[in-house]
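Here's the structure, in structure tokens; my notes come after.
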Amino acid sequence: MSALLLLPTVDPAEPLLDAASPLWLTLLKSVAVFGITMTLVPLLVLAERRVSAWMQYRVGPNRVGIGGSLQPMADLVKMLFKEELKPDGVPAFLFTAAPAIAAITALSMMAVVPFGGTLEIAGRSIPLVVADVDIGVLAVLALSSIGVYGITLGGWASNSKYSLLGGLRSSAQMISYELTLGIALLSVLVAASGPEFGSFKLSELIARQAESGIWNCFKLPLGFVLFTIAAFAETNRLPFDLPEAEPELVGGYHTEYSSMRFGLFFLGEYAAMVAGSAVIVCLFLGGWHFPYLTKEVAVGWGGALTQVAVFLAKVLAFLFFFIHVRWTLPRLRYDQLMNFGWKWMLPLSLLNLLFAGIGAALGWF
Amino acid sequence: MNLVAGLLLILPLAMAALLGLFGKRLHGKTPGLLAFGMAATCFGLAVAAFLHLRGLPEEARFVEASFWRWLDLGSGDQRLALDVGVWLDPLSVTWALFVTGVGSLIFLYSISYMEHEEGAWRYFSYLCLFLFSMLILVLGENLVLTFLGWEGVGLCSYLLIGFDYGKEVAARAGRKAFVVNRIGDVGFLIGMFWTWKLYGTLGHGEMKPIMAAVTAVPPLLALGYFVGACGKSAQLPLFVWLPDAMAGPTPVSALIHAATMVTAGIYLVLRLSPLFVAAEWALDVVAWTGAATALFAGLIALRQRDIKRVLAYSTVSQLGYMFLACGLGAFGAAAFHVITHAFFKALLFLGAGAVIHALHGEQDLWKMGGLKHHLPKTARAMTAGAFALAGIFPFAGFFSKDEILGVAFAQGYAGDPSRYVLWGMGVLTAALTAFYTARMMTLCFGGTSRVDPHLHPHEAPAPMAIALQVLMVASIVGGAALGFEALHWMPLHHWIDPVLAAPPHPTHLPPALNWGLMALAMMIAVLAWRIGAKWYGGDFAPARQAELTAPRFAKLLQGRFFVDELYALLIVRPLRFVAELCLEFDRRVVDGLFRGAGSFSALLSTTVRLAQNGVVHAYAFWMVVGAVLLLTLALA
Amino acid sequence: MVPQAWYLLLSALLFGLGIAGFVARRNTLVMFMSVELMLNAANVVFLAAARDHVPARGSACALFVIAVAAAEVAVGLALVLALFRLRKSVQADEVRELRA
Amino acid sequence: MLSETTAFLLFSAIALVGAVNVVTRRNPVHAALWLVGAFLGVAGLFLTLGAGLLGAIQVMVYAGAIMVLFLFVILLLNLDTTPFEGLSIARGASLLATAATVALIAFPFARARELRAAAVPDEPELPATAGNIASILFHQYALPFEVVSLLLLIAMVGAIHLARRPRRDEPT
């Protein structure tokens, strides 16, 4: 087998998480990642409103804080103080759990995303990732597929037909586009691995891009496009936000939600955007890699922080793209969505996989 | 020669298949012409085979041609290897000659006779198949092939008797012939099995030296074959089928039931004559059976009203003569009589056929009479045949019959008084023969006409007439041409005797005695003929009155000794009773078992079907129960 | 090191619960879920049995099982949909068209 | 971090509780959700057994795809909670038979002495890494793999045909 096969022989005593990192370190990293994400989300909300205003040639929120910078805080406060409405006859537990699932899965995805390379400090090499698990990408997929439960259940538990329809749409959409997502991901794995099997680890995938200096988006442009579109669908972003399509379904799955329960859905959606962007950046845009930012250059705290900065910059850029698309494209009709997913995305992703396979076999990558 | 022999077999078979498969599309005389052409060709081939054999030195006069290996069973001593092939020797060629010769004439005759019949193609197809079977019987390389032909001719006989299967009489007669023949076949089969057991072979070629050397044979072995011969050649007690077989078309009676098939029994005895000679008292059985049959059938023939039945009983009677000859060891004489009989009996049948044809199917002698004015040619031809049958010099029958009687007397003269009895029976039969022949001829052609006045009898058309003329000539000169013992002119004997067993008893009389006996027989025959002609000639009424108010014995004759009734009482009824018992057993027990099995499974399936109730949970439940059982088994 | 028998017992229990669900429930959907449960129990056995020998092979077999489960679910759910379209119900005991 | 025994106990408890609830919940949505829980528990067991790939696939395929599909169908049909059907004799018999099956399956496991003690494992020949599994799949099990792909194709065609709404002009 390949020498790159870095998956360690399973130690049955400690099978789950990386033994090299002690608990406190993992906790610390978790807090850091959580903090970063939770910072990004309000920023994103603000950016969305400001960018949309900018694109539509209007002002947008500019009263709270400097240039409206504290607007998200105000929104938060508003949500916290609103009454928690619960429709009659809903299963209380599921009604409450649904937004939590949406938020938690989205946030959890960040755990496997490497923000940078390895920090060598005090005789200890610390990977800049909460859990560099062997099955990294698969974990992302698994979590994203769990995430759909939040929306679906929210829709069902609301005991309302708009919500139910939203939930239904959500589940159908997820399943349809998850296929494309998975196959596009496969093409990356194939291309990255060459003739031998490579790795599921995101850090490893980034390292390969860094080694070759060519990001996967250049190797697999079609795969990149497909993955991005599928990621849009997975995060229910326009033009695929049918589960919450206001004109038809009022608010879709979150019609009946208010106050912080709604806030959690909100948080989940934006966190999913962040996570999706991060994953795309890792898979296709080289992660923390940047030309001339080699391992030799990036040493110590400075190097690590630079890598993190590069990574965050890429993520932010991609998030901008997310927002930009939202305010550019009209929403698809439901049948268009399905046709597009099954008749275009899926065949194209298979084509892409074929291309990747041939390329890997012939050593193009 | 292989080619000739092969063609001799293939041609009839191919023609039978051709006519059987495509005959329906042929119209008018076409099937008959085709069949006749084939038969004539076969005759030519037989002549060729005869000439070939004649050209060979006497001890090498045989041809064995194997076409392919048919059976190869067992191994070592138990091996039975049979070829499909042909065995040509003087005996088989003689038979082939007259079978094809007389056969072609009858084919020719049939063309006209069957012209207006529905399904003539079927008739000719059967006829061709018969010819094939007969040739296989005669020419077959081994006894099994002979048996094959034996069964084949039986089948064709059945088919042809029942040709008019719409008539119940015909269908019944066919069935009767078939069943009675089966009894004989059992004897044949037993003989064959026994022969193979004793000698390990059934091929004629291989049996030739064995039979030449054999000195003692179990008499029952020979009698097994004789039983077979009795069945086929209509001897006591298996003769009952032959008169009934007259239900078939008349040419069929001529061909099968007079000239050829019925002589198959004689052929078998001649073919195996060394076995018969070596099985001492078997020959006596043959002789006595033959003599008894001859007398018996001759008696019955006295009082038959159906012209064909008269001829049929006469055939049985003449066959009895032949077996008498065999039994006396005069195998050559038997063959001689077979040939002359083939000529004149075929002639008589065909003539009778012409009469029947002219009278539109009338067969009752009492409704004929005076026909010699309407059918002079037929009358002339039939008279020749009748004289031959009656044994009047110089017609063919005289020579062969007289030879047989001479042998019988010679053996008595040589010191076996019982042979005088046989001779006496023969002479008596000869007298009867002359008498009933005269009766038949007179009733038919002589006297005043009793024919239905609406009918206008006319001469037979040309093909029929030709066949009659040819056979008439043969009946007149056939005997003298083939042999006259008293003058030591015996070409047939010279030809055929080498392949037959030597007679175990003396056969020659002093010339003076011989001539004397001949004159006596001649006188008896002429006298009997005169009486018969006188009795039935002229006014018909007294004769009819005499026959109608017959005393007891004559009633017996009219009733044909009530043999059929006897059989019905002794055999048919008990058998029927047993069969009915079996039928009941079959219905109640066997069918009950099968029906029971059927209804049981139906019941079972009805019950089991309940399990398929469409409820998924029931299925699941039983699945789980099954799993429990399997697991228990696995753990136990 | 957890003894293999524990895994096997656990899988037996899961399997049994699956059977129980299958035989006792009438909702076809829940019956399908029970089947899934049984398949999962089988997978546990595959992996547990392969752990001490060739773990990769156990995983490969389990993968086949998962593929089969996916196929089964696709067809099964389509059946349920068709059934519902006909009957407006998914209760298994209301469908008896297959009886003899 | 998490000893194997603890992990086993935790995950098997999740799986069992989930499974019990799948069978007993009357609301199909609840049953489906409990089943997701059970699947997650089993996935955890897979991780405990050192088969990380399979754990992830379990979550992806079962929890992420199959159960979503279930949920989709349940929601689509908008099924009500069925009332408890009561315990009939047939059901009792079924459950009894089930219990017997479980007992019979479990019996040899529980009895096997060598299994009860933690056997010293052989050095695993091929750890359940994605690479090893792939290598087995594409070499040793290549034919079954292809067969399974065919099976999936057939299932797909069948599912489409079955679920298709019949056109107006064709008989149902």
Given that the side chain runs from C-beta out, which part of D:Tyr141 has a heavy atom under 4.5 Å from chain C: side chain, backbone, both or neither?
-> both

Residue, of C:Leu13, C:Val30, C:Leu37, that accumulates the most heavy atom pairs under 4.5 Å with chain D | C:Leu37

Could you tell me whether the side chain of C:Asn43 reaches within less than 4.5 Å of the side chain of D:Phe46, counting heavy atoms only?
-> yes

Contact class of D:Ala32 relative to chain C, heavy atoms under 4.5 angstrom = both

Return the minimal non-hydrogen interatomic distance between C:Val45 and C:Ser11, and the atom names on each side.
-> CG2-OG, 2.8 Å

Residue part contacting chain C, namely of D:Ser149, when any heavy atom lies under 4.5 Å | neither

Atom group of C:Val44 that falls short of 4.5 Å from chain D, counting heavy atoms = both

For chain D, which of C:Glu36, C:Lys88, C:Met33 has the most heavy-atom pairs under 4.5 Å?
-> C:Met33

Option in D:Val157, D:Leu35, D:Thr24 with maximal non-hydrogen atom pairs under 4.5 Å from chain C = D:Leu35

Pick from D:Leu53, D:Leu16, D:Ile154, D:Leu9: which one has the most heavy-atom pairs with chain C under 4.5 Å?
-> D:Leu16

Where the side chain of C:Arg85 meets the backbone of D:Ala163, is there a donor-acceptor pair that is under 3.5 Å apart?
-> yes

Kindly give the heavy-atom pair with the smallest separation between C:Gly58 and C:Ala50, and that separation in Å.
-> CA-CB, 3.5 Å

Relative to each other, are the rings of D:Phe8 and C:Trp6 parallel, tilted or perpendicular (30° and 60° limits)?
-> tilted

Most contacts with chain D, counted as non-hydrogen pairs under 4.5 angstrom, among C:Ala41, C:Ala82, C:Cys61, C:Ala71 = C:Ala71

Examine whether an atom of C:Phe22 lies under 4.5 Å from a heavy atom of chain D, and if so say whether it belongs to the side chain, the backbone or both; otherwise answer neither.
-> neither

Give, as side chain, backbone, both or neither, the part of D:Ser12 having an atom under 4.5 angstrom from any heavy atom of chain C.
-> both

CG on C:Leu81 to CZ on D:Arg164, rounded to 0.5 Å = 14.0 Å

Exercise answer: donor-acceptor pairs, residues 56-71 of chain D side-chain atoms, under 3.5 Å, sequence neighbours excluded:
{"from": "D:Gln58", "atom 1": "NE2", "to": "C:Asn40", "atom 2": "OD1", "distance (Å)": "2.6"}
{"from": "D:Gln58", "atom 1": "NE2", "to": "D:Phe39", "atom 2": "O", "distance (Å)": "3.4"}

Side chain / backbone / both / neither for C:Arg57 at chain D, heavy atoms under 4.5 Å | both

With only heavy atoms counted, which part of D:Ala38 is less than 4.5 Å from chain C, the side chain, the backbone, both or neither?
-> side chain

For D:Val20, is it the side chain, the backbone, both, or neither that has a heavy atom closer than 4.5 Å to a heavy atom of chain C?
-> both

Please flag which part of D:Val22 lies under 4.5 Å from any non-hydrogen atom of chain C: side chain, backbone, both or neither.
-> both

Any side-chain heavy atom of D:Leu45 within less than 4.5 Å of one from C:Leu10?
-> yes

Calculate, to the nearest 0.5 Å, the distance between atoms CG and CD1 belonging to D:Leu54 and C:Ile66 respectively.
-> 4.5 Å

Let me know if C:Val75 has heavy atoms under 4.5 Å from chain D in its side chain, its backbone, both or neither.
-> both

From OG (C:Ser34) to CD1 (C:Ile19), nearest 0.5 Å = 10.0 Å

